[in-house]
Novice: 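Could you have a look at this structure, given as structure tokens, before my questions?
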Amino acid sequence: MCDDELIPPQADMTEREWLRAGSEATAGGPSMRTTGRVPQWVNRRTLLGGAMAGAALTVLPSPAQSRASAAPRLGGPGAFPFPEHPNGKGEFAVLVTGDAGTGDEAQYAVAAAARDLCRTEGIGLAVGLGDNIYENGPESDDDSEFQDKFEKPNSGIDVPWLMVLGNHDCSGLIPGSGGDPSRGDREVAYAATSRRWYMPSRYYSVPLPAADPLVEFFAIDTIPWSSYVAQLDPHYRWDGPYMREQRSWLDGALRASRARWKVVIGHHPYLNNGKHGSAGSYDGFEIGNYTSGVHLKDMYENVVCGRADLILSGHDHTLQILEPTARTGGTRQVVCGASAKTEDGTAHFGHPAAWQNFSDHGFMVLKVSGARLTIDAYTVDVATRKATLAHRTRQTRPVAAPAEAHA
């Protein structure tokens, strides 16, 4: 984490506004501090803002909630093993899906198209970016919805699935509110009985291969930072022990990682051109400790940007491969939330993008080798259950050097 004193972040800025703020500071304005991790060649800027006061617009009661931890749990009996070697193409190939858990025709169509591709691409791992069980999350750790909205659609994609929590997985009285984080514990518990579903805790990391990692995935729980309602249980409040512990864990895990490539996976994006907007101004909200995601924005800027190569997120039902910029410290934001639902076909914001699609269903495939990291974006025709490669992005240099920990 940065050495700067933590100061309140402000609502989301465009790339141009972000750069202008730094230029004005160096042109004679007041000395400014930053909450962001940026390369030394970028002007430092402040994130002063008005997102301090107030709570969410709606406050809901929640039941007594269990305490989460980052301690790993074993997978289910006969769990599909993590790949320990690259595929025949010399890559670790990873299927990326998000916001998939509807159980409807579109989810089955996207999964069928992905299943065909898994065979040809040698995919050995999958990622589910939250909203795994629409609309309210599971009612128990053996809810039949796990079968109808995960196991049956993904039958034949016989690899471990790295799963993270979405706001619908932690619904309170209002579907999708994120107002009852304890519901997420049911998804952690389900991992003990599933061959596919991997969620040893609410946040965790997975290095591949385990002995000498080439890539490491850091799964996080973004929900208590970005719920549509205030968290009443002090444990899950934005500044409560759970979120402080998670932030500290992620900071230390990224610092200690020996992997060449580092990928953070979480439901809510840092930057986003879809209708939900970016962290700090989700859905047009710019006040309070919740809804806007202002504290998630602060975490991304302090802990992740400039250290991870990718942020993989869902939440917006779109497909976006945004460009790494000075603002992100070279970290690339990817939004992949169109595995069962789509949006209105319109870009609502203007963050620089390598490619984006706001109307089609689809998924992505991440390919990792020592020489490069590749992201393939596929759109899916639901009627024919066929995938089309729509875009490919490659990068050859990691954002940050791995820790010197091989000795």
Side-chain angles (χ1 to χ4, degrees), residues 93-121 123 126-135 149-150 152-154 156-157 161 164 166-168 176 265-278 282-283 310-323 332-367 374-394:
V94 182
L95 172 66
V96 182
T97 68
D99 301 69
T102 62
D104 65 12
E105 173 60 20
Q107 180 189 7
Y108 275 78
V110 171
R115 181 164 49 248
D116 291 342
L117 197 72
C118 285
R119 300 187 182 104
T120 60
E121 292 292 341
I123 287 173
V127 169
L129 293 170
D131 284 356
N132 310 309
I133 307 292
Y134 280 107
E135 293 288 328
K149 299 180 178 180
F150 178 74
K152 291 178 181 177
N154 296 315
I157 307 179
W161 287 68
V164 300
N167 51 296
H168 280 272
I265 60 176
H267 184 63
H268 290 84
Y270 170 42
L271 300 180
N272 170 35
N273 286 332
K275 70 177 185 180
H276 282 307
S278 301
Y282 289 141
D283 299 298
L310 298 178
I311 300 170
L312 301 182
S313 308
H315 195 49
D316 223 279
H317 304 149
T318 58
L319 301 166
Q320 304 171 53
I321 302 175
L322 302 187
E323 292 283 24
R332 183 189 295 275
Q333 171 73 67
V334 173
V335 179
C336 185
S339 296
K341 298 184 177 185
T342 59
E343 291 296 352
D344 57 8
T346 302
H348 292 258
F349 302 92
H351 298 293
W355 176 85
Q356 51 193 355
N357 181 299
F358 299 92
S359 56
D360 291 316
H361 291 90
F363 60 88
M364 297 186 189
V365 174
L366 173 65
K367 302 174 183 178
T374 304
I375 306 168
D376 289 346
Y378 290 85
T379 58
V380 174
D381 180 80
V382 172
T384 62
R385 297 191 169 194
K386 297 298 182 183
T388 299
L389 178 61
H391 178 80
R392 173 172 289 160
T393 291
R394 286 193 176 108

Novice: Hey, is the main chain of Val127 close enough, under 3.5 Å, to the side chain of Thr97 for a donor-acceptor pair?
Specialist: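 At least one qualifying donor-acceptor pair exists.
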Novice: Atom CG in Leu319, atom NE2 in His361: separation rounded to 0.5 Å?
Specialist: 10.0 Å
Novice: Under 3.5 Å, is there a donor-acceptor pair between the Asn167 and His267 side chains?
Specialist: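 Note: Asn167 and His267 side chains meet the donor-acceptor criterion.
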Novice: Ignoring hydrogens and angles, state whether a donor on the side chain of Asn272 or Gln333 is under 3.5 Å from an acceptor on the partner side chain.
Specialist: no
Novice: Enter the distance from Cys336:SG to Phe363:CZ here, rounded to the nearest 0.5 Å.
Specialist: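 Interatomic distance, Cys336 SG to Phe363 CZ, rounded to 0.5 Å: 9.0 Å.
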Novice: Using a strict 4.0 Å threshold on nitrogen-to-oxygen distance, state whether Lys149 and Glu135 make a salt bridge.
Specialist: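 Looking at Lys149 and Glu135, the cut-off is not met.
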Novice: Within this structure, what is the CG-OH distance for the pair Leu389 and Tyr378, rounded to the nearest 0.5 Å?
Specialist: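 Answer rounded to 0.5 Å: 4.5 Å.
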Novice: Is there a donor-acceptor pair under 3.5 Å between the side chain of Asn132 and the backbone N or O of Val164?
Specialist: yes
Novice: Do you see a donor-acceptor pair shorter than 3.5 Å between the side chains of His315 and Ser313?
Specialist: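 The answer is no; no qualifying pair exists.
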Novice: Mind running side chain to side chain contact (heavy atoms under 4.5 Å, CB included) on Leu310 and Ile375 for me, showing each step along the way?
Specialist: CA-CA 10 Å; Leu310 298 178; Ile375 306 168; 3.9 Å; yes
Novice: Could you label the plane-to-plane angle of the Trp161 and Phe150 rings as parallel, tilted or perpendicular, counting under 30° as parallel and over 60° as perpendicular?
Specialist: perpendicular
Novice: Check His348 against Gly274 and note the closest heavy-atom contact, atom names and distance.
Specialist: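 Reported closest heavy-atom pair: CB-O, 4.0 Å.
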Novice: Could you tell me whether the side chain of Asp381 reaches within less than 4.5 Å of the side chain of Thr388, counting heavy atoms only?
Specialist: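 The answer is no, as the side chains (C-beta and beyond) never meet within the 4.5 Å cut-off.
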Novice: Got a second to check how far Asp344's CG is from Ser359's OG, nearest 0.5 Å?
Specialist: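 OG of Ser359 is found 9.5 Å from CG of Asp344.
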Novice: Relative to each other, are the rings of Tyr134 and His317 parallel, tilted or perpendicular (30° and 60° limits)?
Specialist: perpendicular
Novice: Could you go through the side chain to side chain contact (heavy atoms under 4.5 Å, CB included) check for Phe358 and Thr346 one step at a time?
Specialist: CA-CA 6 Å; Phe358 299 92; Thr346 302; 5.8 Å; no
Novice: Quick one: CD1 on Ile123 to CZ on Arg115, what's the gap to the nearest 0.5 Å?
Specialist: 12.5 Å
Novice: Going by an N to O cut-off under 4.0 Å, is there a salt bridge joining Arg392 and Asp376?
Specialist: yes
Novice: If every non-hydrogen atom of Ile265 is compared with every non-hydrogen atom of Leu129, which pair is closest and at what distance?
Specialist: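 Of all heavy-atom pairs spanning Ile265 and Leu129, the closest is CB-CD2, 4.0 Å.
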Novice: Looking only at heavy atoms, which two atoms of Ala353 and Leu322 are closest? And how far apart?
Specialist: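 That closest heavy-atom pairing would be CB-CD2, 3.7 Å.
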Novice: Could you tell me which non-hydrogen atom of Pro269 sits nearest to which non-hydrogen atom of Val335, and how far apart they are?
Specialist: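 Minimum heavy-atom separation between Pro269 and Val335: CB-CG2, 4.1 Å.
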Novice: Below 4.0 angstrom, N of the basic side chain to O of the carboxylate: do Lys275 and Asp316 qualify?
Specialist: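 No.
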Novice: With Val94 as reference, evaluate Leu366, Val365, Leu312 under the side chain to side chain contact (heavy atoms under 4.5 Å, CB included) test and give the passing residue.
Specialist: Leu366
Novice: Kindly compute the distance separating OH (Tyr270) from NE2 (His351), expressed to the nearest 0.5 Å.
Specialist: 8.5 Å
